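Contents: one structure, followed by commentary.
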Amino acid sequence: MNQFDVVIVGTGHGGAQAAIALRQNGFAGTIGMIGRDREPPYERPPLSKEYLAGDKPFERLLIRPEAFWGEKAITLILGQSVTKIDPEAKEVILGSGDRIGYGRLIWAAGGDARRLSCPGGHLDGVHAVRDKRDVDALLADLADGAQHFVVIGGGYIGLEAAAVLRKLGRKVTLVEAQDRVLNRVAGEELSRFYQDEHTRQGIELRLGVGVERLTGATRVESVVLANGEAIACDGVVVGIGIVPAVGPLIAAGAAGANGVDVSELCHTSLPHIYAIGDCAAHANVWADGAVIRLESVQNAHDMATTAAKAICGEKQPYAAFPWFWSNQYDLKLQTAGLSMGHDQAVLRGDPASRSFSVLYMKDGRVIAVDAVNSTRCYVQGRKLIEARVEVDPADLANPDVVLKDLR
Ligand SMILES: Cc1cc2nc3c(=O)[nH]c(=O)nc-3n(C[C@H](O)[C@H](O)[C@H](O)COP(=O)(O)OP(=O)(O)OC[C@H]3O[C@@H](n4cnc5c(N)ncnc54)[C@H](O)[C@@H]3O)c2cc1C
């Protein structure tokens, strides 16, 4: 049986950074990383952007060159899933039945793309966009000449994939069950802007209507909506969120309802087991201590550092500032802070200029900013959030007032 001082489950952003941070913090013990993906750790954000567009080859998605892991004495065990954890024996059990012992375990398994539950959801030509294999299957359909796609889900991943498919000259219809895109993560101004932009680019939107079924013998041929409309298509892209990949942890007795619960040091309720990234529910200081999961590279990266430092004896509670980005067409959206619970949204600049921002306020303070093609607003807005000062919304809306002067 293999045994490592630290076993990391998941070779994505969180897992890779945990291993890197352990070594950066002087950890000299053995490290084993187990990942379901067959490839060495790679970045996920380009999957729905440059990689799908054919603008970035896979080699440029690697988080570190392949040789790095061996040079740092980090053992990669790829193409293997952990199906069970035995916390008493301090072992994880792989799908193959092999057992691997750990001193400490870092669970960084992210989430699985949520699948359609309606009839036809498993037909050929229905694609998720979560890992390289998903996107390679979509690219194969594109190479085979698929022309009309239905994208189900108007969150960031659905919108990004739709933008790329459009850029590749495909006909795209986007279906969103809520009455606006980005409903879960952004205010109405931003949703409206992106809806207008996608429409202008030629995408047909169907908002406020769910999907009833997909039809086709073996391969998808149409998407039937709840209002009876049938949209003929050659392929479907599903971007309806993730299900946190925490089954083995919960089965082993870890606390958690939405993902797995972790402390401010990213420790689970089970001894010697940490959890980080998309799957880790934590009390976030930038959300007034609300227990949330964040699905972002920033969160995975910074939680990994917190857990690695804790293992190295440095107890530094997780309080990293949240930020995020999304690229669609020539639009670069940068988000700082968390807008949940805002009581006012202030528009700064003119969306028609394609460079503007939305500042979200709560109790007179700025708590988040969405900046479109406006890095200055993103940077200065971020500083305003961190300063936690009270501001006048009229000043935020006035482009003649410099945001950094409000601190
Ligand atoms: C298409 C796409 C675009 C994105 N764009 C952005 C963006 O623009 N900006 C941004 O901030 N974030 C973006 N994200 C989100 C970001 O990539 C995630 O938040 C981040 O990858 C989370 O890191 P993680 O380590 O928690 O999980 P992941 O990076 O998902 O890694 C989890 C790993 O665990 C493996 N795994 C799962 N279960 C098991 C198991 N039982 N045994 C072994 N291995 C297992 C998985 O195969 C995977 O390799 C995007 C995500 C996707 C999918």
Side-chain angles (χ1 to χ4, degrees), residues 7-20 32-53 61 63 76-85 92-96 98 100 105-114 127-135 138 153 155-161 163-164 185 237-252 259-260 262 266 274-282 293-304 307 322-328 332-336:
V7 165
I8 300 169
V9 178
T11 52
H13 281 275
Q17 176 57 22
I20 293 167
M33 283 180 80
I34 307 165
R36 198 171 52 192
D37 283 314
R38 293 193 196 94
E39 303 81 10
Y42 60 89
E43 295 175 18
R44 272 161 215 276
L47 292 177
S48 52
K49 307 176 182 78
E50 302 95 322
Y51 183 68
L52 178 59
L61 270 52
I63 288 176
L76 295 183
I77 302 165
L78 300 174
Q80 298 280 349
S81 280
V82 169
T83 53
K84 225 173 149 189
I85 302 169
V92 296
I93 297 131
L94 307 185
S96 61
D98 288 352
I100 297 180
L105 178 64
I106 302 179
W107 189 265
D112 298 314
R114 191 182 295 281
H127 302 279
V129 187
R130 183 71 196 173
D131 57 30
K132 178 177 184 289
R133 223 173 342 156
D134 294 332
V135 179
L138 176 54
Y156 285 121
I157 289 177
L159 291 178
E160 288 180 352
V164 172
V185 287
V237 174
V238 182
I240 54 173
I242 63 164
V243 179
V246 292
L249 260 187
I250 300 295
V260 64
V262 297
C266 299
Y274 296 79
I276 59 174
D278 283 10
C279 67
H282 62 283
R293 284 188 308 102
L294 287 178
E295 295 169 15
S296 71
V297 169
Q298 168 277 316
N299 177 65
H301 192 278
D302 291 331
M303 279 192 149
W323 54 265
F324 185 82
W325 77 96
S326 172
N327 299 338
Q328 296 163 50
K332 185 174 175 62
L333 170 71
Q334 292 168 288
T335 295

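Whatever order the structure lists them in is the order used to number ligands and atoms, beginning at 1. Computed from a prediction, not measured in an experiment: that's the story for all the values here. For this chain, numbers begin at 1 and follow the sequence in order.
Checked by atom type and distance alone, the side chain of R130 pairs as donor or acceptor with a backbone atom of G111 at under 3.5 Å. Side-chain N or O atoms of W107 include none that pairs as donor or acceptor with a backbone N or O of G10 at under 3.5 Å.
The two residues I8 and A18 make their nearest non-hydrogen contact at CD1-CB, 4.0 Å. When all heavy atoms of L76 and P40 are compared, the closest pair comes out as CD1-CB, 4.2 Å. Counting all heavy atoms, side chain and backbone alike, P248 lies closest to V82 at CG-O, 3.6 Å. Scanning both residues, M33 and A19, for their nearest heavy atoms gives SD-CB, 3.9 Å.
Closest to atom 25 (O) of ligand 1, if we only count protein heavy atoms, is G14 N, 2.7 Å. R130 NH2, 2.7 Å is the protein heavy atom nearest to atom 30 (O) of ligand 1. Closest protein heavy atom to atom 10 (C) of ligand 1: F324 CE1, 3.2 Å. Closest protein heavy atom to atom 13 (C) of ligand 1: P45 CG, 3.8 Å. The nearest protein atom to atom 27 (O) of ligand 1, hydrogens excluded, is given as G110 CA, 3.4 Å; this is a heavy-atom distance. Counting only heavy atoms of the protein, atom 38 (N) of ligand 1 lies nearest to A109 CB, 3.5 Å. Nearest protein heavy-atom neighbour of atom 31 (O) of ligand 1: G12 CA, 3.3 Å. Taking atom 34 (O) of ligand 1 as the reference point, the nearest protein heavy-atom neighbour is G10 CA, 3.2 Å.
To the nearest 0.5 angstrom, L47 atom CG is 10.5 Å from E160 atom CD.
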* To do: Step by step, work out the side chain to side chain contact (heavy atoms under 4.5 Å, CB included) result for Y51 and V135.
  => CA-CA 8 Å; Y51 183 68; V135 179; 3.7 Å; yes
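Here's the thing with P248: none of its N/O atoms is less than 3.5 angstrom from an N/O atom of ligand 1. The shortest N/O to N/O separation between R36 and ligand 1 falls below 3.5 Å. Some N or O of W325 is nearer than 3.5 Å to an N or O of ligand 1, by distance alone.
Between R44 and D134 there is no salt bridge, since none of the side-chain N atoms of the basic residue sits less than 4.0 Å from a carboxylate O of the acidic one.
Which parts of ligand 1 touch G35 is read off a 4.0 Å heavy-atom cut-off, strictly below it: atoms 44 (N). For ligand 1 and E295, the ligand atoms under 4.0 Å from any heavy atom of the residue are 19 (O). Annotation for ligand 1: atoms under 4.0 Å from non-hydrogen atoms of T11 are 33 (C), 49 (O). Within ligand 1, the atoms closer than 4.0 Å to a non-hydrogen atom of D37 are 47 (O), 48 (C), 49 (O), numbered from 1 in the order shown. When each atom of ligand 1 is checked for a heavy atom of A300 under 4.0 Å away, the hits are 22 (C), 23 (O). Those atoms of ligand 1 that come under 4.0 Å of a heavy atom in V9, given as number and element, are 42 (N), 43 (C). For ligand 1 and S48, the ligand atoms under 4.0 Å from any heavy atom of the residue are 1 (C), 2 (C), 3 (C). If you number the atoms of ligand 1 from 1 as listed, the ones under 4.0 Å from a heavy atom of K49 come out as 5 (N), 6 (C), 7 (C), 8 (O).
With atom 43 (C) of ligand 1 as the reference point, the heavy atom nearest to it among Q80, M303, Q334, R44 is part of Q80. For atom 53 (C) of ligand 1, the candidate residues are I276, V129, L47; the nearest heavy-atom contact is made by V129. Between the choices D278, I85, V82, the shortest heavy-atom distance to atom 42 (N) of ligand 1 belongs to V82.
N299 and E295 share no donor-acceptor pair across their side chains, judged by distance under 3.5 Å alone. Side chains of Y42 and D131: no donor on one and acceptor on the other come within 3.5 Å.
Around NZ of K132, the count of heavy atoms belonging to other residues, nucleotides or ligands within 6.0 Å exceeds 12.
Proximity of I157 to ligand 1 is established by a heavy-atom distance of less than 4.0 Å.
Residues satisfying the ring pair (Phe, Tyr, Trp, His ring centres under 6.0 Å) criterion with H282, sequence neighbours excluded, are Y318. Legend: residues meeting salt bridge (Lys or Arg N to Asp or Glu O under 4.0 Å) with E50, ordered by chain and number and at least two apart, are absent.
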